Amino acid sequence: GAVVSQHPSRVICKSGTSVKIECRSLDFQATTMFWYRQFPKQSLMLMATSNEGSKATYEQGVEKDKFLINHASLTLSTLTVTSAHPEDSSFYICSATDRVAGELFFGEGSRLTVL
Amino acid sequence: GENVEQHPSTLSVQEGDSAVIKCTYSDSASNYFPWYKQELGKRPQLIIDIRSNVGEKKDQRIAVTLNKTAKHFSLHITETQPEDSAVYFCAAREGASKIIFGSGTRLSIRP
């Protein structure tokens with residue numbers, strides 16, 4: 001299947017700093033990528049849909065100014081958690097599909113810990 | 001928007017027995033229903049999916065059924081093995097839009 005790579009896998013930062021997470025489709029072009037957040041023992045909650053060349057679409061309750069998404073190319077989307085706080089500590093997972101209405105492939109996930 | 005409900009939240013079965021996880025969805029326009037298995041700290045892995053033009057699909061010990069009228073779909077795992085222990089998520093999608101996940105089921109296989 002298609003490969004989605006996410007980096008970094010783990011990051012620890014101080015409160016108030018910003019963290020960038022990258023999501024790459026390695027062997028296909030992804031016009032749309034999705035960003036999910038997963039708290040311990042909970043489900044994957046969709047944060048936003050990242051569209052190549054246009055603004056991301058955020059889910060209700062997700063602050064667009066706090067979670068900056070950039071999808072500048074067909075193979076790369078980035079999520080920047082700005083002014084991170086301990087409550088932002090979570091497992092962030094990106095996903096992409098290699099065709100319209102196709103299977104969703106997930107990145108490895110990034111575990112963010114904000115001290 | 002779509003809402004997916006999943007139950008049970010936890011399930012413990014004896015090794016060799018069957019496990020069934022059930023989900024309902026709210027949006028009648030949804031037409032794609034994947035199931036994912038997630039092990040601790042890892043990404044979700046697609047184990048089986050079904051589209052709305054099919055009522056049942058089977059892949060070795062795993063099967064999924066879909067009742068479009070009732071907006072129900074279920075995952076069936078037969079002859080369970082220890083390596084089946086994980087968290088399972090159902091999901092639903094309309095066309096090419098976003099996938100919405102159920103709340104998850106923690107499956108434990110007792111030796």
Side-chain angles (χ1 to χ4, degrees), chain A residues 1-7 9-10 21 23-26 30-52 56-62 69 77 90-113, chain B residues 1-11 21 23-27 29-54 57 59 64 85-108:
Chain A
V3 178
V4 176
S5 178
Q6 192 172 336
H7 178 81
S9 58
R10 293 178 182 271
I21 301 169
C23 180
R24 295 180 184 274
S25 56
L26 298 186
T31 56
T32 303
M33 291 184 175
F34 303 92
W35 286 95
Y36 290 86
R37 178 169 55 183
Q38 186 177 35
F39 291 109
K41 297 185 178 181
Q42 294 189 21
S43 185
L44 289 85
M45 301 303 297
L46 181 66
M47 299 176 66
T49 301
S50 170
N51 303 297
E52 188 268 334
T57 303
Y58 290 80
E59 294 300 302
Q60 189 173 8
V62 178
I69 292 174
S77 176
S90 187
F91 192 50
Y92 293 85
I93 311 177
C94 69
S95 62
T97 181
D98 60 349
R99 61 188 185 282
V100 175
E103 177 184 343
L104 202 62
F105 298 97
F106 285 89
E108 302 95 325
S110 299
R111 185 163 301 282
L112 170 64
T113 302
Chain B
E2 177 64 274
N3 182 49
V4 179
E5 296 192 353
Q6 181 173 349
H7 58 94
S9 56
T10 60
L11 179 60
I21 302 171
C23 289
T24 61
Y25 61 99
S26 61
D27 189 347
S30 289
N31 54 17
Y32 176 64
F33 307 93
W35 286 87
Y36 294 89
K37 175 183 180 182
Q38 188 180 29
E39 297 180 353
L40 188 62
K42 296 188 177 180
R43 75 183 96 185
Q45 297 281 357
L46 179 71
I47 57 172
I48 195 167
D49 56 14
I50 190 168
R51 297 188 185 272
S52 58
N53 57 348
V54 176
K57 184 177 178 180
D59 181 4
V64 57
S85 294
V87 179
Y88 291 81
F89 292 98
C90 63
R93 182 180 70 194
E94 177 199 352
S97 66
K98 55 196 178 187
I99 284 186
I100 302 301
F101 285 81
S103 53
T105 296
R106 184 171 301 276
L107 175 62
S108 300

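Because the structure is a prediction, the values reported are computed rather than measured. Naming: A, B, ... by sequence-line order, numbering from 1 per chain.
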Visitor: Using modelled atom types and a 3.5 Å cut-off, is there a donor and acceptor pairing between side-chain atoms of B/Arg43 and backbone atoms of A/Phe106?
Guide: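 Indeed, once roles are kept as given, a pair shorter than 3.5 Å links the two residues.
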Visitor: Take B/Ile99 and A/Tyr36, measure what side-chain contact (heavy atoms from CB on, under 4.5 Å) needs, and give me the verdict at the end.
Guide: CA-CA 10 Å; B/Ile99 284 186; A/Tyr36 290 86; 3.7 Å; yes
Visitor: Sort and list the pairs that fulfil salt bridge (charged side-chain N to carboxylate O under 4.0 Å, His left out) and have at least one residue in residues 95-105 of chain B, not counting sequence neighbours.
Guide: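 Checked against salt bridge (charged side-chain N to carboxylate O under 4.0 Å, His left out) - neighbours excluded - the pairs reaching residues 95-105 of chain B are A/Glu59-B/Lys98.
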Visitor: Below 4.5 Å from any heavy atom of chain A, which atoms of B/Pro34 appear? Answer side chain, backbone, both or neither.
Guide: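 Interface part for B/Pro34: neither.
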Visitor: Return the CG to CD distance between B/Asp49 and A/Glu103, rounded to the nearest 0.5 Å.
Guide: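 Those atoms lie 6.5 Å apart.
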Visitor: Roughly how far apart are A/Lys41 NZ and B/Ser9 OG, rounded to 0.5 Å?
Guide: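 If we round to the nearest 0.5 Å, A/Lys41:NZ and B/Ser9:OG are 11.5 Å apart.
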Visitor: Between B/Gln38, B/Arg106, B/Gln45, B/Lys42, which has the largest tally of heavy atom pairs under 4.5 Å with chain A?
Guide: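 Max contact count across the listed options: B/Gln38.
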Visitor: Would you find a donor on one side and an acceptor on the other, under 3.5 Å apart, between the side chain of A/Ser43 and the backbone of B/Gly104?
Guide: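 Side chain of A/Ser43 to backbone of B/Gly104, a donor-acceptor pair under 3.5 Å: no, none is there.
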Visitor: So which part of A/Glu108 gets closer than 4.5 Å to some heavy atom of chain B, the side chain, the backbone, both or neither?
Guide: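 Both parts, heavy atoms under 4.5 Å.
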Visitor: Considering only heavy atoms, which portion of A/Leu46 lies under 4.5 Å from any heavy atom of chain B: side chain, backbone, both, or neither?
Guide: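 Just the side chain, heavy atoms under 4.5 Å.
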Visitor: For A/Ser110, check side-chain hydrogen bond (donor to acceptor under 3.5 Å, both in side chains) against everything at least two apart and list the hits.
Guide: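 A/Gln6.
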Visitor: Taking CG in A/Leu26 as the centre, count heavy atoms belonging to other residues, nucleotides or ligands within less than 6.0 Å. Is the count above 12?
Guide: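 Result for CG/A/Leu26: enclosed.
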Visitor: Taking atom NE2 as the centre, does A/His7 end up with more than 12 heavy-atom neighbours from other residues, nucleotides or ligands that are less than 6.0 angstrom away?
Guide: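 Incorrect, the count does not exceed 12.
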Visitor: Where does B/Leu46 contact chain A at under 4.5 Å (heavy atoms): side chain, backbone, both or neither?
Guide: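 Interface part for B/Leu46: side chain.
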Visitor: So for B/Phe101, is it side chain, backbone, both, or neither that comes closer than 4.5 Å to the heavy atoms of chain A?
Guide: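 Contact with chain A involves both backbone and side-chain atoms of B/Phe101.
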Visitor: With only heavy atoms counted, which part of A/Gln60 is less than 4.5 Å from chain B, the side chain, the backbone, both or neither?
Guide: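 For A/Gln60, there is no contact with chain B at all, as no heavy atom is under 4.5 Å.
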Visitor: Given that the side chain runs from C-beta out, which part of A/Leu44 has a heavy atom under 4.5 Å from chain B: side chain, backbone, both or neither?
Guide: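 Its backbone and side chain both get close to chain B.
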